[in-house]
Amino acid sequence: MVYTNGNRFIVSNARNILESYGFKLFVKNEYASSAIGEVSPFDSWVELWVVNDRDYDRACSVLENALSKKGASPWVCKTCNEENDESFDFCWSCGAGPA
Ligand SMILES: [Zn+2]
């Protein structure tokens with residue numbers, strides 16, 4: 001397993017990043033939320049796996065770089081003070097940039 005998060009939006013973002021680097025991936029628990037009564041909250045987290053074990057280290061560092069490049073935490077728009085997800089390049093509310 002290379003990445004997991006309770007927020008499937010963040011996981012699919014990570015998946016897009018890795019696929020853009022050409023990694024072969026599969027996703028576990030993608031549809032598990034429909035069975036949430038059966039499993040613990042942790043089991044229903046979406047999990048991202050690399051198909052080839054030898055890709056694991058490289059996938060981890062690619063993901064680390066990609067996620068840290070955009071800042072590891074949400075940012076607050078200086079124009080309108082709305083909080084934006086780390087993956088947004090521009091404010092969802094007013095369209096201003098992060099700097
Ligand atoms: Zn804004």
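Along the sequence shown, residues are numbered consecutively beginning with 1. Side chains included, hydrogens not; waters and symmetry mates left out as well; all remaining heavy atoms used.
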Interatomic spacing from [atom1] in [X] to [atom2] in [Y] - rounded to 0.5 Å:
X: Leu18; Y: Arg58; atom1: CG; atom2: CZ; answer: 10.0 Å
X: Leu48; Y: Ile17; atom1: CG; atom2: CD1; answer: 10.0 Å
X: Cys77; Y: Trp92; atom1: SG; atom2: CH2; answer: 10.0 Å

Worked check of side chain to side chain donor-acceptor pair (under 3.5 Å) between Trp49 and Glu47: CA-CA 6 Å; Trp49 295 69; Glu47 297 177 353; 3.1 Å; yes
Note, [X] side chain near [Y] side chain (heavy atom, < 4.5 Å):
X: Tyr56; Y: Met1; value: no
X: Val27; Y: Arg15; value: yes
X: Val51; Y: Leu25; value: no

Specify the closest pair of heavy atoms between Ala14 and Tyr3, including all atoms of both residues, with the distance to one decimal.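 Of all heavy-atom pairs spanning Ala14 and Tyr3, the closest is CB-CD2, 3.8 Å.
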Over all heavy atoms of both residues, which pair between Val46 and Val11 is shortest? Give the atoms and the distance, please. CG1-CG1, 3.6 Å
Tell me whether Trp75 contacts the main-chain N or O of Cys91 through its side chain, where contact means a donor paired with an acceptor under 3.5 Å. no
Donor-acceptor contact present, side-chain Asn84 to main-chain Glu82, <3.5 Å: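 Judged by distance alone, yes, a pair lies under 3.5 Å.
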Does atom CG of Asp53 have more than 12 heavy-atom neighbours from other groups under 6.0 Å away?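 Not buried by this count: 12 neighbours or fewer within 6.0 Å.
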Any chance CZ of Phe26 has more than 12 other-residue heavy atoms, nucleotides or ligands included, within less than 6.0 Å? yes
